[in-house]
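Below: the structure, in structure tokens.
Index from 1, following the sequence. Computed from a predicted model, the values in this text were never measured in an experiment.
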Amino acid sequence: NEIRAKSGLLRGREFLMKDLYSFTKNEAELTTFYDRMKMAYHNIFKRAGLGDKTYLTFASGGVFAKYSHEFQTLCEAGEDIIYVSEDKKIAVNREVFTPQVLAELGLRQEELHEAKAIEVGNIFKLGTRFSEALELFYLDQAGKKEPVVMGSYGLGLDRLLGTIVETLADAGGIVWPKEVAPYQVHLVSLGEDQAVIDEADKTYEELIKSGVAVLYDDRRLSAGEKLSDADLLGMPFRLVISEKTMAAKQLEVKNRQTGQMKKESLSEFKNRCLK
């Protein structure tokens, strides 16, 4: 509860945004760059573990364009309503869900399903609205002054992390994908035997020297409390060192996403999971 309360306070204090603007000579160049950004955003959400749940969604373009393109991740905690085409891997925001829009996109209402979603990204064409107002021009090959054609691309970083937590968490807690996890390894020492503590300290130092981000739990708590906290925090791999594992000269390794447990040496773990 304390961890979750602190997370909530952070969300209330800040909003981190990745913004990008493009400046091109004409609509054709803008479209080429815009399509590349669509693919880049798809790749970002795929690496963040949300690729199969995130849809390019047609929404209102406001005063700038006919449409903007949102990236909406399916989630019951979402504040938006979208209509999803599984076949075409696109969706339509409720704000522009009309027969005319469906016809233009080649969609049939009976083939779509309604879902709640969280908007994690938004891209749209600005055109020349701001460049003309700010007198942002260039000279073409004929020496004629032309307005720069602009595009805008935004991604809410803390919103993305919140969506990952909401979407991928299980009954035990958070499940961080490797690419965005605060730490790759959650190292847990069990018991108060000094040999176990020394071995855990040594393992921690070896992982750090290998460039691995490690969350080391050396608190004097019960095994149940420490293992439960490891699941709650959700790092990709949990490594346990105890008298039992030391006797076998191995580590107990848990993959947080799959739940798979494995006994292996530290070098075997690094070769298998951290390449």
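For Glu225 and Arg219, the salt-bridge test fails: no basic side-chain N is under 4.0 Å from an acidic carboxylate O. No salt bridge links Arg94 with Glu114; every basic N to acidic carboxylate O contact stays at or beyond 4.0 Å. At a threshold of 4.0 Å, the pair Lys25-Glu146 does not count as salt-bridged, since none of the basic side-chain nitrogens sits closer than that to a carboxylate oxygen. Between Glu206 and Lys209 there is no salt bridge, since no side-chain N of the basic residue sits under 4.0 Å from a carboxylate O of the acidic one. No salt bridge links Asp52 with Lys46; every basic N to acidic carboxylate O contact stays at or beyond 4.0 Å. Taking the charged nitrogens against the carboxylate oxygens, Asp231 and Arg256 do have a contact shorter than 4.0 Å, which makes a salt bridge. Salt-bridge formation is detected for the pair Arg159/Glu79: a Lys NZ or Arg NE/NH1/NH2 atom is positioned less than 4.0 Å from an Asp or Glu carboxylate oxygen. Using a cut-off of 4.0 Å between Lys/Arg side-chain N and Asp/Glu carboxylate O, Glu132 and Arg129 are scored as not salt-bridged.
Judged by distance alone, the side chain of Asp140 and the main-chain N or O of Lys144 form a donor-acceptor pair under 3.5 Å. For the pair Lys226 (side chain) and Ser189 (backbone), a donor-acceptor distance under 3.5 Å is present. Of the possible polar contacts, none joining the Lys38 side chain to the Phe33 backbone as a donor-acceptor pair under 3.5 Å is found. Not a single donor-acceptor pair under 3.5 Å links the side chain of Lys125 to the backbone N or O of Glu27. Of the possible polar contacts, one joining the Arg220 side chain to the Asp218 backbone as a donor-acceptor pair under 3.5 Å is found. No donor-acceptor distance shorter than 3.5 angstrom exists from the side chain of Trp176 to the backbone of Leu168, with no hydrogens or angles considered. No donor-acceptor pair closer than 3.5 Å links the side chain of Asp158 to the backbone N or O of Leu161. Between the side chain of Glu199 and the backbone N or O of Val196, no donor-acceptor pair lies under 3.5 Å. No donor-acceptor pair under 3.5 Å is formed between the side chain of Ser210 and the backbone N or O of Val212.
Val188 and Met246 fall into different hydrophobic clusters, where Ile, Leu, Val, Met, Phe, Trp and Tyr residues are linked whenever their side-chain heavy atoms come under 4.5 Å apart, directly or through other members. Grouping the Ile, Leu, Val, Met, Phe, Trp and Tyr side chains by contacts below 4.5 angstrom, directly or via other members, places Phe137 apart from Phe130. Under a hydrophobic clustering in which Ile, Leu, Val, Met, Phe, Trp and Tyr are joined whenever their side-chain heavy atoms come within less than 4.5 Å, directly or via other members, Leu239 and Met261 fall into different clusters. Placement of Val96 and Val84 in two distinct hydrophobic clusters is found when ILVMFWY residues are connected by side-chain heavy-atom separations under 4.5 Å, directly or transitively. Tyr34 and Val149 end up in the same hydrophobic cluster when Ile, Leu, Val, Met, Phe, Trp and Tyr side chains are linked at under 4.5 Å.
The side-chain heavy atoms of Thr203 and Leu187, taken from C-beta on, include a pair separated by under 4.5 Å. In this structure the side chain of Gln184 never reaches within 4.5 angstrom of the side chain of Val214, judged on heavy atoms. The shortest distance between side-chain heavy atoms of Tyr153 and Asp19 does not fall below 4.5 Å. Side-chain contact check for Leu107 versus Lys88: some heavy-atom pair is nearer than 4.5 Å. Between Lys244 and Glu252, every side-chain heavy-atom pair lies at or beyond the 4.5 Å cut-off. The side-chain heavy atoms of Thr167 and Leu50, taken from C-beta on, include a pair separated by under 4.5 Å.
A pairwise comparison of heavy atoms in Leu233 and His186 identifies CD1-CE1, 3.9 Å as the closest pair. For the residue pair Cys75 and Glu166, the shortest heavy atom distance occurs at SG-CB, 3.8 Å. Contact detail for Pro177 and Ala48: the closest heavy-atom pair is CG-O, 3.2 Å. Scanning both residues, Gly78 and Ile118, for their nearest heavy atoms gives CA-CG1, 3.5 Å. Residues Met235 and Pro182 approach most closely at SD-CD, 4.0 Å, considering heavy atoms. Nearest heavy-atom pair across Ala117 and Ile82 is CB-CD1, 3.8 Å.
To the nearest 0.5 Å, the span separating CG on Leu102 from CG on Leu112 amounts to 6.0 Å. Rounding to the nearest 0.5 Å places OH of Tyr67 at 15.0 Å from CD1 of Ile123. Rounded to the nearest 0.5 Å, atoms NZ (Lys202) and CG (Leu207) are 12.0 Å apart. How far CE of Met39 is from CD1 of Ile44: 12.0 Å, rounded to the nearest 0.5 Å. Summarising the geometry, atom CG belonging to Leu155 is positioned 11.0 Å from atom CG belonging to Leu20; distances are rounded to the nearest 0.5 Å.
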*Start with the C-alpha gap between Lys262 and Glu268, add the side-chain angles, then the distance that decides, and say whether side-chain contact (heavy atoms from CB on, under 4.5 Å) holds.*
CA-CA 11 Å; Lys262 192 175 182 67; Glu268 288 172 334; over 6 Å; no
*Stepwise, does the side chain to side chain donor-acceptor pair (under 3.5 Å) test hold for Ser22 with Thr24?*
CA-CA 6 Å; Ser22 62; Thr24 52; 5.4 Å; no
*Residues Lys263, Thr245; criterion side chain to side chain donor-acceptor pair (under 3.5 Å); working and verdict*: CA-CA 8 Å; Lys263 300 288 182 63; Thr245 64; over 6 Å; no
*Does the side-chain contact (heavy atoms from CB on, under 4.5 Å) test come out yes or no for Val185 and Leu215, once each step is laid out?*
CA-CA 6 Å; Val185 169; Leu215 178 61; over 6 Å; no
*Test salt bridge (Lys or Arg N to Asp or Glu O under 4.0 Å) on Glu111 and Arg108 and set out the steps.*
CA-CA 6 Å; Glu111 296 174 345; Arg108 297 170 58 187; 3.4 Å; yes
*Given the rule in the side-chain contact (heavy atoms from CB on, under 4.5 Å) test, do Ile241 and Leu251 qualify, once you have shown the distances and angles that lead to the verdict?*
CA-CA 6 Å; Ile241 297 177; Leu251 301 168; 3.5 Å; yes
_Audit row: Glu29, Asn26, side-chain contact (heavy atoms from CB on, under 4.5 Å) steps and yes/no_ = CA-CA 6 Å; Glu29 285 190 2; Asn26 51 51; 3.4 Å; yes
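The 12-atom threshold is not exceeded at CD of Glu135, counting heavy atoms of other residues, nucleotides or ligands nearer than 6.0 Å. Remark: Arg272 CZ is packed, more than 12 non-hydrogen atoms of other residues, nucleotides or ligands lying under 6.0 Å away. Other residues, nucleotides and ligands contribute over 12 non-hydrogen atoms within 6.0 Å of the NZ atom of Lys270. Heavy atoms from other residues, nucleotides or ligands lying under 6.0 Å from CD of Glu110 number more than 12.
For His113 and Tyr83, the ring centers are positioned 6.0 Å apart or more. The aromatic ring centres of Phe71 and His42 sit less than 6.0 Å apart. Aromatic pair Phe269/Phe237: ring centres closer than 6.0 Å.
Tyr216 and Tyr204 have parallel rings, their planes meeting at less than 30° on a 0 to 90° scale where 60° marks the start of perpendicular.
Side chains of Lys66 and Ser60: a donor-acceptor N/O pair is absent below 3.5 angstrom, by distance only. Between the side chains of Gln72 and Tyr55, no donor-acceptor pair is found at a separation under 3.5 Å. In this structure, a donor-acceptor pair under 3.5 Å is absent between the side chains of His69 and Tyr41. In this model, a donor atom of one side chain and an acceptor atom of the other lie less than 3.5 Å apart for Thr54 and Thr73.
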